[in-house]
6 protein chains.
Amino acid sequence: MPEPLPRLTQPLPLLYERIVRQALEEDLGRAGDITTDAIVPSGASAKGSVVARTPGRIAGLEIALSAFRQLDPAISFEVRAADGSDATAGEVLALLEGQARALLTAERTALNLLGRLCGIATTTRDVVAAVTPYGARVVCTRKTTPGLRAIEKYAVRAGGGSNHRFGLDDAVLIKDNHRILAGSLTEAVRRVRACVGHMVKIEAEVDTLVQLEEALSLAVDSILLDNMSLQDLARGVLMAKGKAITEASGGITPDTAAAVAATGVDLLSIGWITHSAPSLDVSFDLFL
Amino acid sequence: MPEPLPRLTQPLPLLYERIVRQALEEDLGRAGDITTDAIVPSGASAKGSVVARTPGRIAGLEIALSAFRQLDPAISFEVRAADGSDATAGEVLALLEGQARALLTAERTALNLLGRLCGIATTTRDVVAAVTPYGARVVCTRKTTPGLRAIEKYAVRAGGGSNHRFGLDDAVLIKDNHRILAGSLTEAVRRVRACVGHMVKIEAEVDTLVQLEEALSLAVDSILLDNMSLQDLARGVLMAKGKAITEASGGITPDTAAAVAATGVDLLSIGWITHSAPSLDVSFDLFL
Amino acid sequence: MPEPLPRLTQPLPLLYERIVRQALEEDLGRAGDITTDAIVPSGASAKGSVVARTPGRIAGLEIALSAFRQLDPAISFEVRAADGSDATAGEVLALLEGQARALLTAERTALNLLGRLCGIATTTRDVVAAVTPYGARVVCTRKTTPGLRAIEKYAVRAGGGSNHRFGLDDAVLIKDNHRILAGSLTEAVRRVRACVGHMVKIEAEVDTLVQLEEALSLAVDSILLDNMSLQDLARGVLMAKGKAITEASGGITPDTAAAVAATGVDLLSIGWITHSAPSLDVSFDLFL
Amino acid sequence: MPEPLPRLTQPLPLLYERIVRQALEEDLGRAGDITTDAIVPSGASAKGSVVARTPGRIAGLEIALSAFRQLDPAISFEVRAADGSDATAGEVLALLEGQARALLTAERTALNLLGRLCGIATTTRDVVAAVTPYGARVVCTRKTTPGLRAIEKYAVRAGGGSNHRFGLDDAVLIKDNHRILAGSLTEAVRRVRACVGHMVKIEAEVDTLVQLEEALSLAVDSILLDNMSLQDLARGVLMAKGKAITEASGGITPDTAAAVAATGVDLLSIGWITHSAPSLDVSFDLFL
Amino acid sequence: MPEPLPRLTQPLPLLYERIVRQALEEDLGRAGDITTDAIVPSGASAKGSVVARTPGRIAGLEIALSAFRQLDPAISFEVRAADGSDATAGEVLALLEGQARALLTAERTALNLLGRLCGIATTTRDVVAAVTPYGARVVCTRKTTPGLRAIEKYAVRAGGGSNHRFGLDDAVLIKDNHRILAGSLTEAVRRVRACVGHMVKIEAEVDTLVQLEEALSLAVDSILLDNMSLQDLARGVLMAKGKAITEASGGITPDTAAAVAATGVDLLSIGWITHSAPSLDVSFDLFL
Amino acid sequence: MPEPLPRLTQPLPLLYERIVRQALEEDLGRAGDITTDAIVPSGASAKGSVVARTPGRIAGLEIALSAFRQLDPAISFEVRAADGSDATAGEVLALLEGQARALLTAERTALNLLGRLCGIATTTRDVVAAVTPYGARVVCTRKTTPGLRAIEKYAVRAGGGSNHRFGLDDAVLIKDNHRILAGSLTEAVRRVRACVGHMVKIEAEVDTLVQLEEALSLAVDSILLDNMSLQDLARGVLMAKGKAITEASGGITPDTAAAVAATGVDLLSIGWITHSAPSLDVSFDLFL
């Protein structure tokens with residue numbers, strides 16, 4: 001029986017409430033929601049639902065709903081779909097009840113967040129499904145939306161993917177430019193080992209099998225096989241077997257992922273799932 | 001002879017330098033670029049180029065390059081492509097010269113910004129091309145990435161599109177929920193006119209031709225025809241001729257835009273160009 | 001029967017709580033209220049009232065009271081006067097009960113906000129009363145206190161005035177310098193129309209009746225008649241009748257407003273109501 | 001020969017550049033100066049002058065001009081009037097040369113700051129002139145604009161006034177509420193002396209001559225005579241002679257200041273000079 | 001009977017909650033507590049206690065505990081030790097009950113704050129004990145940790161010490177460099193008196209008894225005797241008796257404080273208690 | 001020949017300039033340096049030197065000097081001592097020339113930063129010297145000053161130490177509480193491996209040799225031997241030889257470090273070097 005999906009943990013509100021607040025402030029500008037303020041009485045309350053218009057993997061529902069709570073702290077939610085689960089078209093993801101104005105004013109901010117995060121999770125899920133038969137895992141990159149990395153990496157996990165580095169400071173990745181500036185991969189690894197602490201993993205990027213050979217001799221934790229042909233990839237995987245984790249990268253799309261996974265590589269690093277995943281179509285319906 | 005593209009004005013650095021700085025801080029974390037710091041000597045300088053790997057419409061080049069400048073104020077640029085112009089595959093967009101470390105450390109932040117903005121501009125350009133023969137214009141929505149609205153709306157302009165509201169506070173858009181809560185569109189417009197200043201435009205959303213008739217009687221500035229069939233859209237356009245600007249909305253994609261434009265509608269409001277446009281593939285190559 | 005006052009909507013706390021917090025931090029400095037902390041026991045509770053010492057129009061009562069709540073979240077209020085209503089000398093505007101220290105420490109911040117906003121509302125109210133017999137309305141400008149624009153524009157509405165632009169980005173106002181740099185008003189309007197979206201209104205400033213004639217030919221949304229003599233103003237109003245909204249500006253004070261309104265102009269744009277309105281005298285009385 | 005005015009020191013930019021930046025951001029909103037961006041070419045440069053339209057005391061010229069520099073770091077200034085000097089009507093205060101767009105876009109922010117600070121300085125100057133013959137000095141209060149205290153207190157100095165506390169934390173002022181909560185002024189002073197450090201001055205507010213007697217017995221640094229009749233004030237001054245600095249407060253206006261000063265009091269504490277001083281009329285003229 | 005310790009007042013949360021939040025954000029980074037999130041179920045609750053491992057003076061307990069509350073607003077505390085009291089080794093300072101994750105995640109931030117503040121209070125207490133027999137008091141300096149001044153000065157008070165200036169702006173301290181740049185202490189004092197308000201105290205630093213004589217003639221509020229020999233210090237104290245408060249400074253350590261106090265000086269100014277006090281060993285124990 | 005010290009890389013200004021600015025703002029308060037402003041003419045320039053009064057390891061010199069540059073961007077430095085080098089008593093670390101006011105006003109902020117960072121580096125250096133004969137390395141912890149972690153970890157490197165985790169998010173450390181909440185270390189490791197990415201190292205804390213045996217069977221990257229007796233530590237090191245990196249922790253001080261290192265452990269984790277290191281005595285001398 002296959003290992004179940006990794007346990008998915010909601011991020012702490014401290015990690016996203018500033019993102020949500022800045023998004024609200026961006027939308028409210030100086031004068032606030034002048035349409036709603038003019039039309040809807042301040043005392044009116046209302047109910048509404050967040051709905052998935054098209055099927056997809058849910059991610060960030062609590063994050064998105066916090067936009068409503070920031071405008072109406074007394075709002076009540078009934079969350080009906082868990083992050084990491086799949087919704088059908090038309091499925092109600094959450095029911096809300098609170099001030100009518102807050103519901104209308106926060107709607108777009110909430111949906112913008114939810115649509116993006118579900119879009120990433122859905123695309124990730126589909127790629128994961130394509131590569132799982134080959135025993136490979138999907139890994140995200142640092143090609144995330146400026147300002148949203150923490151929650152987009154969470155959406156990748158909700159889609160069944162795994163996270164690579166969160167930033168430049170939590171692991172070493174020696175890329176081609178580093179190798180060239182150091183003179184050789186061997187020298188680059190030597191310099192890194194003289195600097196970083198014992199809790200930092202080291203990955204080396206290689207473009208050729210010759211470079212791979214050098215990388216394997218250096219006992220790095222994992223090796224990024226970048227932009228290789230499928231044949232070279234397959235050969236590289238055999239060479240690295242039992243010596244280092246292998247990770248394929250370079251322009252992988254949902255369409256090409258299965259073929260890459262078929263080479264036996266351990267991980268597929270795919271920027272596409274964060275930088276080009278289309279939003280999931282989600283809506284907010286007011287009950288009247 | 002058709003009106004030339006609107007003049008495209010670079011946003012003031014004050015409007016985006018905080019976005020860029022937060023993106024750098026997000027990537028640098030607490031410890032900075034531990035790979036580059038370990039490998040590249042602090043005194044080393046280098047040259048590099050920003051390149052479009054696939055063809056597309058350029059947007060945000062100055063914005064993206066400012067990421068390098070924030071790390072190395074003495075960096076020098078030679079910008080070779082103007083925002084709003086089209087780049088070919090492999091075209092060099094800019095040449096840079098400065099500290100080698102700054103070039104490597106800011107690379108991902110700069111490319112994340114550039115890829116996203118060019119992606120939006122490219123998709124917008126393509127939709128604009130599809131609808132221009134019908135005399136229609138493409139308008140963006142508030143379905144933008146949280147935190148990036150100002151620069152994404154700029155990318156839409158670079159793609160030849162036009163901007164709708166920047167937020168909830170700079171124009172009135174009476175949507176279905178507002179209409180229902182007010183009792184009627186007529187009452188909603190009355191309430192709005194009693195509140196907002198004389199420099200604020202008013203748009204009303206309608207779902208049916210009956211509602212359109214009511215909207216036309218109210219002398220609003222423009223009317224959003226939401227989720228209508230192409231037939232109804234065409235009829236609505238005829239009804240509104242000379243009385244109000246017409247704007248079609250509701251799930252329009254690059255594939256369906258031309259058919260919608262063929263109805264004669266003035267504007268197409270398309271969330272897709274900001275929330276689902278894939279990134280353009282841009283890269284940074286170090287000269288060594 | 002005259003149109004009732006526009007419905008006045010409290011701004012969302014999100015739009016002002018940062019202003020209030022910064023004001024508290026400014027007053028507390030590093031060490032806090034050293035007088036109160038030394039004298040008043042931490043457990044003591046007290047009651048107090050916010051009182052209008054002189055008669056005036058109330059504005060910003062909730063905003064001001066939020067200063068107390070930021071120091072004591074459990075404080076209880078009884079708000080006795082609505083924003084937009086007129087208070088008599090000595091009228092109790094609100095009763096408070098909570099920690100004695102919080103009441104004393106937040107007092108000055110709350111009163112500084114309230115006095116200023118009521119001052120603006122009161123002056124606006126008086127000018128509105130002077131011009132209403134002529135059918136004119138009072139409009140504020142961008143001559144507001146740095147950092148307080150959102151709440152000062154709200155105070156203008158509480159005084160019965162109407163808002164002009166909230167900033168440089170939500171409407172076009174072509175001033176003399178723009179006209180001169182463009183070569184002509186016609187060219188300036190052409191450039192603007194090539195750039196801005198369909199939800200943006202355009203106003204042109206003119207200094208002479210000749211310029212007004214040009215402006216009228218351009219079908220702009222409204223025309224600012226700047227620093228004109230009363231005679232020219234009256235002639236200009238006649239020329240613009242039915243073609244554009246007219247707005248008088250240029251050094252109008254509470255004393256001169258009625259004469260300007262008598263020219264028949266639609267709107268009077270008055271910086272004085274925000275930049276030179278004296279504070280209303282409000283006080284906080286502790287019950288002991 | 002009278003003591004010359006205190007030397008006036010420009011505040012460090014660190015103390016005001018955030019105020020100026022927030023004011024610019026408030027005015028620019030999300031989209032910036034859409035009028036200027038549409039009309040004025042990005043490369044155009046221009047000259048302009050800041051002019052006092054009405055005579056007054058100058059304060060905050062460098063602060064105001066920094067708004068231009070924040071938009072165009074290469075802008076050049078020729079400052080022609082010193083803070084603390086008096087300008088005549090029409091006097092050119094500064095000449096500027098730089099990007100035409102920056103000049104137009106920053107104009108209002110700069111003038112809003114300058115008009116307010118000069119207004120405070122001018123009113124202060126006038127009150128100082130009225131009370132100086134009696135040997136009294138003018139002192140400001142904490143009744144300043146939220147967010148602007150540091151620069152408004154500077155404007156008071158530029159007007160020849162002196163500063164009272166900058167906040168609740170830099171000196172002790174025992175007001176009536178403190179006295180009542182402590183049981184007596186004697187007890188209040190005892191509590192304060194048990195808490196605060198040796199570098200903190202202590203002032204006591206008294207409402208009656210009986211309270212003044214008690215205050216004098218406590219050897220506080222200064223005594224605030226609040227809302228006393230002119231007769232009581234004069235008697236109080238005699239009682240306090242040589243024992244404590246005396247300070248009159250309570251609704252003093254420019255009109256009543258001289259009579260208060262004639263009682264012989266050392267200081268007049270006047271909230272009016274910050275909370276109700278009208279702006280000075282300053283303008284920015286572009287040279288074309 | 002000696003005067004009891006000054007009443008110790010908890011700082012307002014507004015004065016420290018940003019410090020605590022920034023500390024949490026610094027520790028959480030982008031991805032949060034990945035260990036706890038993986039291991040501890042989100043619903044689990046737990047109890048724990050904050051314990052002093054070594055004896056010491058308690059300071060900042062509420063401040064430190066607020067770290068837990070920022071992650072779990074529903075957490076409940078039982079605070080068992082008051083700031084300003086002495087704890088024995090192993091004493092339970094507080095009991096907590098709340099979400100298990102929040103307890104584990106906030107633990108280090110809370111302990112870092114508590115250990116530092118108790119360390120300062122404990123060292124201060126010990127120095128106070130050493131100098132009290134001589135009637136002297138201990139005063140802190142501006143040699144505090146960047147960003148933590150407000151709470152470190154509070155810890156000094158909790159240790160029985162007194163506060164000197166909180167910053168450069170709340171009192172005047174004329175140091176040797178000021179004196180030299182002015183030409184003489186007399187001239188320096190004259191310049192200061194021409195500038196600062198009546199609520200600002202003035203202290204002069206002197207290095208020799210000759211300078212002390214000059215300082216005494218100027219009627220400053222207090223005099224800092226800097227780096228003097230014990231003999232000179234004793235002589236200086238006699239000279240200043242009844243004329244000014246005397247304060248010794250310059251490299252005083254816990255070991256040398258008693259000897260300095262024996263000279264009869266009023267105050268000992270000791271940077272050591274904030275910049276070099278070792279942390280108190282405090283721990284958090286989970287009940288399981 | 002032993003491996004030379006790791007190359008020490010200056011942190012990017014982006015990583016510390018906010019810390020320095022907040023420290024300046026904290027010291028300047030609202031009114032700035034009122035002593036210097038009153039006494040020193042604004043045009044005066046001066047020279048000064050930063051001097052080590054006692055011998056020590058230098059760290060953070062550029063960081064500290066940036067405080068001067070934030071007040072006077074034109075200041076010139078001659079840096080004479082490199083971070084990571086040892087200074088003798090009286091050694092001049094840097095020469096400065098610039099505005100006299102900026103030198104005096106930024107002095108304390110600069111010295112507070114420098115003294116703390118050199119203090120950490122010096123203590124670290126001494127501990128490193130004590131354990132190096134045994135082949136062990138010194139590692140810091142998360143017991144750093146709130147807000148200063150990034151620069152304090154840098155100071156540890158300047159002292160020859162190595163960094164452990166920068167926060168809760170960049171590596172896994174399974175502590176006793178995690179183990180107990182999971183039921184066993186084996187289960188805790190299983191849960192972690194199901195969640196975290198492949199670039200994250202895993203360390204387990206053990207208290208007994210029995211737990212160590214379990215940890216060794218789990219192939220974690222390193223093992224923290226917490227609060228063990230020296231005998232157990234020595235035995236544990238033998239058990240782990242070749243299987244995992246060993247790290248000793250628990251109340252290690254400069255005095256006990258050598259004995260711990262003699263057990264053969266790979267790393268000593270010492271909170272003392274950051275939370276209890278005394279400041280190095282550094283001063284700023286003005287040349288006159």
Using a cut-off of under 4.5 Å for heavy-atom pairs, which of [options] has the most such pairs with chain B?
options                                  : answer
Val40(A), Leu28(A), Thr145(A), Val172(A) : Thr145(A)
Arg165(A), Gln22(A), Arg108(A)           : Arg108(A)
Ala31(A), Gly32(A), Gly29(A)             : Gly32(A)
Val196(A), Thr36(A), Asp37(A)            : Thr36(A)
Ile39(A), Leu113(A), Leu148(A)           : Ile39(A)
Ala182(A), Gly147(A), Ala23(A)           : Gly147(A)

Taking [options] one by one, which has the highest count of heavy-atom pairs under 4.5 Å against chain A?
options                                   : answer
Gly119(B), Ala171(B), Ala277(B)           : Ala171(B)
Pro278(B), Gly167(B), Ser279(B)           : Ser279(B)
Leu104(B), Leu111(B), Leu24(B), Asp285(B) : Leu104(B)

May I ask you to check whether [X] and [Y] show a side-chain donor-acceptor distance below 3.5 Å?
X         : Y         : value
His275(B) : Thr144(B) : no
Glu17(B)  : Ser66(B)  : no
His178(A) : Glu205(A) : no

Report which part of Glu107(A) has an atom under 4.5 Å of a heavy atom belonging to chain B: side chain, backbone, both, or neither. side chain

Side chain / backbone / both / neither for Arg149(A) at chain B, heavy atoms under 4.5 Å: both

Take Leu168(B) and Arg142(B), measure what side-chain contact (heavy atoms from CB on, under 4.5 Å) needs, and give me the verdict at the end. CA-CA 9 Å; Leu168(B) 290 161; Arg142(B) 286 169 40 246; 3.4 Å; yes

Determine yes or no for a side-chain-to-main-chain donor-acceptor pair under 3.5 angstrom, with Asp72(B) supplying the side chain and Gln99(B) the backbone. yes

Is the backbone of Asp33(B) close enough, under 3.5 Å, to the side chain of Thr105(B) for a donor and an acceptor to pair up by distance? no

Using the side-chain contact (heavy atoms from CB on, under 4.5 Å) rule, pick out the option among Val200(A), Ile174(A), Ile202(A) that qualifies with Thr35(B). Ile174(A)

Which of Thr109(B), Leu96(B), Val20(B) passes side-chain contact (heavy atoms from CB on, under 4.5 Å) with Phe68(B)? It is Leu96(B)

